[in-house]
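Structure record follows, encoded as structure tokens.
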Amino acid sequence: MNKGNIVEIDFNSKEGREIYRHSTSHIMAHAVKEMFPEAKLAIGPATDEGFYYDFDIDRPFMPEDIAAIEKKMAGIIKKNNAFVRKTLHKKDAIQLFKKKGEVYKVELLEDIPDEEVTIYEENGFVDLCRGPHVPSTGAIKAFKLLSIAGAYWRGSEKNKMLQRIYGTAFSNEKDLKDYLDFLEEVKKRDHRKLGRELDLFSVSEEIGPGLILWHPDGALIRKTIEDFWRDEHLKADYKLLYSPHIAKLNLWQKSGHLDFYRENMYSPMEIEGIEYELKPMNCPFHISVYKSSLRSYREFPIRYAELGTVYRYERSGVLHGLLRVRGFTQDDAHIFCREDQIEDEILNILDFTLFILKTFGFESYDIYLSTQPEKYVGTSENWERATAALKQALDKKGLSYRIDPGEGVFYGPKIDIKIKDSLNRSWQCSTIQVDFNNPERFDITYRGSDGKDHKPIMIHRALMGSLERFFGVLIEHYAGIFPLWLAPVQVEILTIADRHSDYAIKAAEILKAEGIRVRVNIENEKIGHKIREATIRKVPYSVIIGDKEIAENRLTVRKRSGENIGPFTIEEFFKVIKKEVDGKQ
RNA sequence: GCCGGGGUAGCUCAGUGGUAGAGCAGCUGAUUCGUAAUCAGCAGGUCGUGGGUUCAACCCCCAUCCCCGGCUCCA
């Protein structure tokens, strides 16, 4: 964009939104400076969802301040001040901001290589800024400040912590309202809230932070997921393993985890004079199984899978419900193969992953290919060949992906799949990683067709990532309204009066014998009450038993949506739900 | 870990130094009822934990644990 030119840009474009929100962040900074002249300005960019501005100020911002700042901003917008762009020499700009005491701006300026910089002025408020901006403050039609948070200067915890105010802006009130409604919806779906309401899991202060207790209904869902996972892995020619939760510290020395992963590992415990360590990874155990006998190229690829529970130290501030915990179960697998088998294996894994994810209703993804980082093991040729194989596989599948340069793990390149949930939010779950490190460190080999020993390639992969995180994502994805095959209680039988109890219990037994998860409510309550309770617990089907049903030997069936289906004989009803369960709809 | 906010009954939340409250859930009883809450009664708290100030602390001070929103980091 040429300097000083006015170009029309639409809010619907990414650039347009950024300019608009960036301008709003300037207006916020202006308001803050008017109210707190001692506040020093740091940075104030637009984000995907809105904008923020960081301030260095002794007095913390209070929630009440937010409303006052909003009011002030509204005033600035009403005045419709023009944003005036000025170009000046860097020295002069440094001079200007030094005089104003804006030390952060000076620091930013000193890092700008250009001789000329631009500043924007709006009714006396001056800010260093590349721009562009909206022509005047009156262009901002709808905005809202959302939250206050701490944030390190330049994102480094070595620097001073500043105070950040988050906000968002839209081109009209309706879009703003829609966005705020979206935030409400997100709050309603919060897996921690639903987890308590539906009695799925809890975290207890007594047990410890980041350690999950799966309650009966949550455990039932987990079991259903695990059964599905195991069945499909066996079908896909994986072999299932179980391994212990602790192992000798030496093992972790050998694997290199102690060098590369120490800060995420717990302190060792001593058993009969030997130190043991809680496992942060499953790989060394699978390698041990591999090494338990001589391997031939004929066996390849060897695929070991395990729902392996690992423990990792996470800093207290990062723990978050099921999404970030200290003990979790990975749906882990390690594949041993020859280098020329990598591509086929990756293709297999991609198919398998997408199939599993699709079963849970995730049909859109962001895929990332991470390449060689600065610190790495293995040879550059290894990395190149493996990265090419990953690329090739993605291309063959016609999957679009982005390359994350240098973001691979130290031991190999990887593919990460981020799933998009029903609110279009991204979650990192699946990961496929090539590992050059472990075969080397554990000196694993296979006997090739030439009768000599060779080093296999090891691929590490997790589809759901961790059961805990995946479950958290699932809860939010479905808003707690699990599809029938996952629902902990699939059918609840409700009676109108006491005299219907025997019939209800008999019906329940028939369904239960067919493998349906059924609960009977013969409590002394009105039917409206029972329906309300079943609906709140999001039970897919309520079956109502009264005089009419017994007389006709038919079931009245109400779906959790409120829709009535039937009446059915019990056999007819069973067929209906059986079909739905089998279809995993 | 860092910045800010918070922790009162199982849950949601009132309670500004002077005898701890409500709704829902729970229990008991009555009621036997047709598509999202029947009525009545009862019970339930070391006010996160430990220390301090005070005649007196849920309330003020200090420490600590945990939770929430972010930062940083990750499955």
Side-chain angles (χ1 to χ4, degrees), chain A residues 52 54 56-57 59-63 65 146-166 187 190 192-193 196-197 199 202-210 261 263-264 280-282 308 310 312-332 409 416-418 427-431 433 460-470 472-473 494-501 522-537 542-549 556-564:
Chain A
Y52 63 83
D54 288 345
D56 185 3
I57 176 170
R59 170 190 177 287
F61 289 123
M62 300 297 190
D65 296 332
L146 298 169
S147 61
I148 312 163
Y152 298 107
W153 167 238
R154 298 196 148 179
S156 164
E157 51 191 311
K158 294 192 188 89
N159 292 336
K160 182 163 185 190
M161 183 154 278
L162 311 174
Q163 298 211 51
R164 174 172 297 180
I165 302 177
Y166 281 95
K187 232 187 242 170
D190 191 313
R192 294 164 299 184
K193 182 169 134 71
R196 190 167 41 239
E197 285 171 4
D199 200 11
S202 66
V203 190
S204 151
E205 186 167 342
E206 203 178 7
I207 305 284
Y261 213 71
E263 70 217 30
N264 284 295
M281 303 266 182
N282 302 303
V310 297
R312 299 182 186 175
Y313 168 71
E314 298 284 355
R315 309 210 278 180
S316 58
V318 307
L319 299 173
H320 183 94
L322 292 172
L323 300 178
R324 192 74 183 271
V325 295
R326 286 183 174 158
F328 57 97
T329 302
Q330 291 182 310
D331 68 318
D332 213 352
V409 209
D416 286 329
I417 300 174
K418 290 192 181 173
W427 305 96
Q428 153 92 63
C429 292
S430 319
T431 183
Q433 310 177 345
H460 170 113
R461 48 110 280 202
L463 311 184
M464 300 183 282
S466 90
L467 290 178
E468 285 73 9
R469 175 176 288 182
F470 194 74
V473 172
L494 315 176
T495 51
I496 305 267
D498 284 349
R499 61 180 177 280
H500 309 124
S501 296
I522 54 170
E523 271 173 41
N524 179 5
E525 283 292 351
K526 290 165 111 169
I527 192 69
H529 184 85
K530 294 184 185 181
I531 284 175
R532 179 182 150 82
E533 288 205 313
T535 309
I536 285 173
R537 287 201 310 272
S542 294
V543 169
I544 294 155
I545 307 282
D547 291 338
K548 197 176 78 192
E549 285 73 16
T556 298
V557 179
R558 181 188 155 110
K559 298 173 93 163
R560 59 189 152 186
S561 60
E563 182 197 349
N564 268 355

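Below, chain A is the first sequence line, B the second, and so on; all start at residue 1.
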When you measure from the side chain of A/Arg324, which nucleotide among B/rU35, B/rA75, B/rC11 comes out closest?
B/rA75
Let's see if you can work this out: which of B/rC33, B/rU35, B/rA37 has an atom nearest to the side-chain heavy atoms of A/His529?
B/rA37
Grab the stems for RNA chain B, please: at least three consecutive Watson-Crick or wobble pairs, both distances below 3.5 Å, written as range with range.
B:1-7 with B:65-71, B:10-13 with B:21-24, B:26-30 with B:38-42, B:48-52 with B:60-64
Answer yes or no as to whether B/rA75 has its base stacked against A/Phe328, where stacking requires a ring-centre separation under 5.5 angstrom and planes under 30 degrees apart.
yes
Taking the side chain of A/Ser147 as its heavy atoms from C-beta onward, which of B/rG5, B/rC71, B/rG69 lies nearest to it?
B/rG69
Go through the structure and list residues passing salt bridge (Lys or Arg N to Asp or Glu O under 4.0 Å) with A/Arg560, not counting sequence neighbours.
none
Among B/rC71, B/rG34, B/rA36, the nucleotide that comes nearest once only the side chain of A/Glu549 is considered
B/rG34
Does OP1 or OP2 of B/rC73 have a side-chain N or O of A/Arg312 closer than 4.0 Å?
no
Pairwise P distance, B/rG10 and B/rG6 [rounded to whole Å]:
23 Å
Side chain to side chain donor-acceptor pair (under 3.5 Å): which pairs involve residues 150-160 of chain A, sequence neighbours left out?
A/Asp56-A/Lys160, A/Glu107-A/Trp153, A/Asp111-A/Arg154, A/Glu157-A/Arg315
Restricting both atoms to N or O, compile the protein contacts to nucleotides 8-10 of chain B shorter than 3.5 Å, with distance only.
none

Can you sort out the partners of A/Glu197 under salt bridge (Lys or Arg N to Asp or Glu O under 4.0 Å), two or more places apart, ordered by chain and number?
A/Lys193
Nearest-Å distance, CG (A/Asp547) to P (B/rG34)?
10 Å
From B/rG70, B/rC33, B/rC74, nucleotide with atom closest to A/Tyr166 side chain
B/rG70
Choosing from B/rA36, B/rG34, B/rU32, which nucleotide comes nearest the side chain of A/Ile536?
B/rA36
Measuring from the side chain of A/Met161 (C-beta onward, heavy atoms only), which nucleotide among B/rC3, B/rG4, B/rU72 has the closest atom?
B/rC3
Any N/O pairs under 3.5 Å between the protein and nucleotides 63-67 of chain B? List them or say none.
| residue | atom | partner | partner atom | Å |
| --- | --- | --- | --- | --- |
| B/rC65 | O2' | A/Glu205 | OE2 | 3.4 |
| B/rC66 | O4' | A/Glu205 | OE2 | 3.4 |

For the side chain of A/Arg532, starting at C-beta, report the closest nucleotide among B/rC33, B/rG5, B/rA36.
B/rA36
Nearest listed nucleotide, side chain of A/Tyr152, among B/rG4, B/rC74, B/rG1:
B/rG1
Out of B/rG1, B/rA75, B/rA37, which nucleotide sits closest to the side chain of A/Val325?
B/rA75
